[in-house]
Amino acid sequence: SQMFTPSYRWLFKPVATHYVEFFQHPNNLNPLRSSLIVSVFNTLLSITLGITAAYSLSRFSFKGKGLFGMLVLVLRMIPPVSIALPLFLVARRLGLYDTHLILILSTMIFTLPFTVWMMKGFFDSLPREIEESALIDGCSRLGVLLRIVIPLSMTGIAVTSVFCWFYSWNEFLYPL
């Protein structure tokens with residue numbers, strides 16, 4: 001009957017007092033702070049390592065390039081649950097259990113392959129002639145990457161960063 005009435009009636013009355021109570025207790029902010037630390041560092045490391053790996057896959061020919069690309073793709077297909085126990089045992093043995101470092105590294109296992117494949121697609125779409133002209137003008141390969149390729153692919157870096165951020169922010173199994 002409420003569905004056909006012209007006036008809309010709420011089934012509950014929204015209040016903000018619970019949010020105020022949550023943020024007043026300092027113990028409630030520790031998990032939020034930990035999630036923020038892990039997400040920021042995971043995103044920064046994944047983007048930094050992923051850009052260099054994707055650029056090398058996109059622009060260089062080297063022995064084992066196809067094998068490396070397939071290895072990155074296979075790492076992307078591994079379900080996180082399947083390596084949770086071995087990762088827990090390794091972390092406990094190395095003394096990294098219950099630290100931010102193991103959370104950053106464990107989520108980076110899954111965000112780094114995604115970053116490599118996303119950024120490789122963006123780098124493949126850039127014309128090689130721009131890089132060749134910079135190399136002729138005396139720029140090094142690292143200079144080409146930093147001065148030309150990265151500024152031209154900032155939209156791809158932004159999109160990939162958002163996906164990495166949300167993946168690490170929404171991760172529940174490993175922090176648990």
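Only this structure's heavy atoms are used, side chains among them; waters, hydrogens and symmetry mates stay out.
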W165: which residues meet the ring-ring contact (aromatic ring centres under 6.0 Å, His included) condition with it, sequence neighbours left out? W169
Residues which pass side-chain hydrogen bond (donor to acceptor under 3.5 Å, both in side chains) with N30, listed by chain and number, not counting sequence neighbours: R33
Applying ring-ring contact (aromatic ring centres under 6.0 Å, His included), can you list everything that pairs with F166, at least two apart in sequence or on another chain? none
Do other residues, nucleotides or ligands put more than 12 heavy atoms under 6.0 Å from the CZ atom of F62? yes
Can you pull out every salt bridge (Lys or Arg N to Asp or Glu O under 4.0 Å) where at least one residue sits in residues 96-111? Sequence neighbours excluded, please. none
Can you see which heavy atom on L75 is nearest to which on P113, and at what distance? CB-CG, 3.8 Å
How would you list, by chain and number, every residue that makes a side-chain hydrogen bond (donor to acceptor under 3.5 Å, both in side chains) with S34, sequence neighbours excluded? H100
Heavy-atom pair of closest approach, residues E21 and H25: O-CD2, 3.0 Å
Within this structure, what is the CG-CE distance for the pair L44 and M108, rounded to the nearest 0.5 Å? 11.5 Å
For L173, which residues count as a side chain to side chain contact (heavy atoms under 4.5 Å, CB included) partner, sequence neighbours excluded? V81, A84, E171
Taking T48 for the side chain and L45 for the main chain, is one N or O donor matched with an acceptor at less than 3.5 Å? no
So for atom CE, which belongs to M154, do other residues, nucleotides or ligands contribute more than 12 heavy atoms lying within a distance under 6.0 Å? no
Which pairs with one or both residues in residues 139-148 pass side-chain hydrogen bond (donor to acceptor under 3.5 Å, both in side chains), sequence neighbours excluded? Y55-R141
Looking only at heavy atoms, the pair that brings G143 and C139 closest together is C-SG, 3.4 Å
With sequence neighbours excluded, what pairs up with Y174 under the ring-ring contact (aromatic ring centres under 6.0 Å, His included) test? none
Hydrophobic cluster membership, with links at side-chain heavy-atom distances under 4.5 Å among I/L/V/M/F/W/Y: are M118 and L71 in one? no
Atom CZ of F41 with >12 non-hydrogen neighbours under 6.0 angstrom: no
Close side-chain approach of F122 and L126, heavy atoms under 4.5 Å: no
Identify whether V90 and L103 are in the same connected component of the hydrophobic contact network (ILVMFWY, side-chain heavy atoms under 4.5 Å). yes
Rounded at 0.5 Å granularity, tell me how far CD1 in I136 sits from CD in E129. 10.5 Å
By side-chain hydrogen bond (donor to acceptor under 3.5 Å, both in side chains), T111 pairs with (sequence neighbours left out) N42, S46
Nearest 0.5 angstrom please: L87 CG to L105 CG, how far? 8.5 Å
In the single-linkage hydrophobic clustering (I, L, V, M, F, W, Y; side-chain heavy atoms under 4.5 Å), do L94 and F88 co-cluster? no
Derivation of the side chain to side chain contact (heavy atoms under 4.5 Å, CB included) call for L29 and F23: CA-CA 7 Å; L29 297 179; F23 285 112; 3.5 Å; yes
Residues 56-69 vs side-chain hydrogen bond (donor to acceptor under 3.5 Å, both in side chains), sequence neighbours excluded, gives S58-D124, R59-E131
Write out all pairs satisfying side-chain hydrogen bond (donor to acceptor under 3.5 Å, both in side chains) with one or both partners inside residues 72-97, taking only residues at least two apart or from two chains. none
Treating Ile, Leu, Val, Met, Phe, Trp and Tyr as nodes and any side-chain heavy-atom pair under 4.5 angstrom as an edge, say whether L57 and L67 lie in one connected cluster. no
Is L146 reachable from L152 through a run of hydrophobic residues whose side-chain heavy atoms are each under 4.5 Å from the next? yes
Mind listing the closest non-hydrogen atom pair of G50 and L112 along with its distance? N-CD1, 3.5 Å
Measure the CZ-CZ distance between F114 and F163 for me, rounded to the nearest 0.5 Å. 5.0 Å
Between CZ of F123 and CE of M119, what distance do you get to the nearest 0.5 Å? 4.0 Å
So, the side chain of S133 versus the backbone of I130: is there a donor-acceptor pair under 3.5 Å, distance only? yes
Take atom CZ in F60; do more than 12 heavy atoms of anything else shown fall under 6.0 Å from it? yes
Quick one: pull up CD1 in I83 and OG in S106 and give me the separation to the nearest 0.5 Å. 8.0 Å
Tell me if a side-chain donor or acceptor on T99 pairs with a main-chain N or O of L96 at a distance below 3.5 Å. yes
Side chain to side chain contact (heavy atoms under 4.5 Å, CB included) against I47, all qualifying residues, sequence neighbours excluded: T43, I51, T115, I157, T160, S161
